[in-house]
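Have a look at the structure below before the remarks.
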Amino acid sequence: MPEGMRDRVGDRVRRRLRLELGDTDLKTTKSSVVNVSTKDTKAKDGKREMKDWIKEGIVKRKSQFSTVIIYKTRDPKRLPEYVKNVYQNFSEIYAYYIWRGLQKVRIENDRIVFEKAFSARSLDAALDHVDDIFLRKERVLFVIQAYKANDSLTQALRAWMFDESMYARGHTITIFTEEPSLILDAATIKYAILIKIPPSTREEREQILLEIARATGSEVDKSMIDATSGLTLQEIESVALESVFRFGKLDTNVLLNYKYDIIRKAGVLDVEWSEHGFDAIGGYDVVKEFIKDNVVKVLQNPKKAEKLGIRPPKGLLLFGPPGTGKTLFARAMAKELNLPFLRLRTENIVSRWYGESEKNLARAIELAEEVAPCILFVDEIDRFGRRGESDHETSRRMFSVLLEWLGDARRRTIMLGTTNKPHHLDEAFIRVGRFDYIIPVLLPDFEARKQILDVHTKVVRNVPLRDVSLEEVAKKTELFTGAELEELVLRAARNALREDREFVTQEDFDVSLDSFSIDWEERRRQMDEYMELSRKYCNDLRFLNRLTSTMSSRIEALKRQLESF
Ligand code: ATP
């Protein structure tokens, strides 16, 4: 960035700060910069260094003989940046913004100056006006910030795109939009130049943070540049200034939290930091060990793993009956890996409007990749990859979005899906490569039940017990799920409260046990079924053998027990 321009950006930041903080020491403060390269991005001859996405547009305009360039971006700062870089190639520039109408644009001393081109504000009128200019003049650039679908714009673009004289006269129409498919249909869009602008590059983030640090006497370190990855230029400036206004300095955690807020606001993902790791999961040692050895260890020692030719795992599918702790495992894994836990908000993804569902899903994937490395948790993943529903347009399209992403080698997000119905998943989903491991999480055995009761009376919450044998309770709860064991503890505690006691007794557990109505025969059948599904889907034989050896003896014991009733 040229020195003059950098000063002006600094000026803008200082002006915003002065508005908030008054005319304090800002002029004299010096920033201290640590652990960050302060590489000057100024080009040798003093000219602006052109960004890749702008170069790409120029090259493609020449090579594809197309007059329409569509930039996919949600950053309003990209349009002015573009105009400042390309204005020398054009005789006149017009810009259309919804709130300003049609503007004639000039660049004066590296600043954009807008002049109202004519009084009407509507896009229809602007398109007519510019069409007239296109006929009369040469080398005209028309830039549009487009937020929503507009039939007139689509028609005008189609007309301009296929008009050879438009290209010959050197005209260019450049659209900035979050969603190109709203502007042009799939059949026409392939005749336009479509370029996706990354939210921000590392250098851009570093640049903005350094400018704000300089103006405010803050420090910038590497973790801040990482924390703002995935944010647009405008978002980075906002979160960094907010951090300064609120806390007097740039702070990695504050930047991260603002970033998560921005992601939450998109409505398609929840972002959390898990509270508990594997310590809050009772039992399931086979599963825990397997995940620790094959996932946690590999991801925590990437260099060692790479030397041994081990690919970092990027997809896990957990299946089993409801309430067996699959979600708990997903959260615990995020904690063990010290990664943010993102939950796909399926309820907000699926929309009744045509094309919206897969767009929402694509947006969620894009956001997750911006936060990556992270865990993306997809509950009831069979909703997206269900067999036999290929005739249902929306599920089919959502399925292909997810499938394509799962197969993408550049994916950085670790996807953790859960399902109660692995047999309902499409074969393409199960195929090796999409999920590294398919892991059954079945009903807890005696040891696991004891530990789950322990976790729910001592780790997750503290329940004062008096003369209670959790071993006895565990014996009486064969075929209970983890969720039911938790509920059992809560009902016992409620019973103690009802009886006005400050501690829970064995009797409270007996009363609680009596309140459960479980269809044992149905449970046993379910256990058989999941054992069968484990044999079919679990793709690690060693794990399966360990699981089967404990489960088979349990199933046999249960059969005998039920027959003796
Ligand atoms: P679903 O298939 O219905 O989504 P799930 O298998 O994901 O169920 P969870 O939501 O993880 O089940 O479990 C519900 C609750 O049960 C957990 O929040 C936890 O409190 C308790 N629970 C289940 N299994 C265990 C366990 N092994 N240790 C401790 N608590 C458990």
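In what follows, residues are counted from 1 in the order of the sequence shown. Atoms within a ligand are numbered from 1 in the order they appear, just like the ligands themselves. The model shown is predicted, which means the values in this text are computed figures rather than measured ones.
In terms of protein heavy-atom proximity, atom 7 (O) of ligand 1 is nearest to T327 OG1, 2.5 Å. In this structure, the protein non-hydrogen atom closest to atom 22 (N) of ligand 1 is G482 C, 3.7 Å. Ranking the protein heavy atoms by distance from atom 6 (O) of ligand 1 puts K326 NZ, 2.7 Å first. L328 CD2, 3.5 Å is the protein heavy atom nearest to atom 25 (C) of ligand 1.
The side chain to side chain contact (heavy atoms under 4.5 Å, CB included) test with D528 is passed by exactly one of E532, R524, R525: R524. With F543 as the fixed residue, the ring pair (Phe, Tyr, Trp, His ring centres under 6.0 Å) test singles out one of F290, Y537, Y437: F290.
The ligand atoms of ligand 1 that sit less than 4.0 angstrom from a heavy atom of Y284 are 27 (N). The ligand atoms of ligand 1 that sit less than 4.0 angstrom from a heavy atom of H456 are 19 (C), 20 (O), 21 (C), 29 (C), 30 (N), 31 (C).
Using a 4.0 Å cut-off between charged side-chain N and carboxylate O, R74 and E370 make a salt bridge. Using a cut-off of 4.0 Å between Lys/Arg side-chain N and Asp/Glu carboxylate O, K292 and E289 are scored as not salt-bridged.
On a distance-only criterion, G282 and ligand 1 share at least one N/O pair closer than 3.5 Å. Looking at ligand 1, you won't find any N or O of I452 less than 3.5 Å from one of its N or O atoms. An N or O contact shorter than 3.5 Å links G325 to ligand 1 by distance.
Under the rule for a side-chain contact (heavy atoms from CB on, under 4.5 Å), the partners of D52 that lie at least two apart in sequence or sit in another chain are K55. When the ring-ring contact (aromatic ring centres under 6.0 Å, His included) test is applied to F176, the partners found at least two apart in sequence or on another chain are Y71, Y82.
When only modelled atom types and interatomic distance are considered, E179 and T177 share no side-chain donor-acceptor pair under 3.5 Å.
Under 4.0 Å from ligand 1, not a single heavy atom of T418 appears.
Taking both residues in full, the closest heavy atoms of A368 and L342 are given as CA-CD2, 3.7 Å, listed atom of the first, atom of the second, then distance. Across all non-hydrogen atoms, the minimal contact from L470 to L453 is O-CD1, 3.7 Å.
Looking at A483, G323, A448, it is G323 that brings a heavy atom closest to atom 8 (O) of ligand 1. The closest heavy-atom contact to atom 20 (O) of ligand 1, among the options K421, R331, E380, E486, comes from E486.
Put simply, part of I281 is less than 4.0 Å from ligand 1, judged by heavy atoms. Assignment of A280 to the shell around ligand 1 is supported, since a heavy atom sits closer than 4.0 Å.
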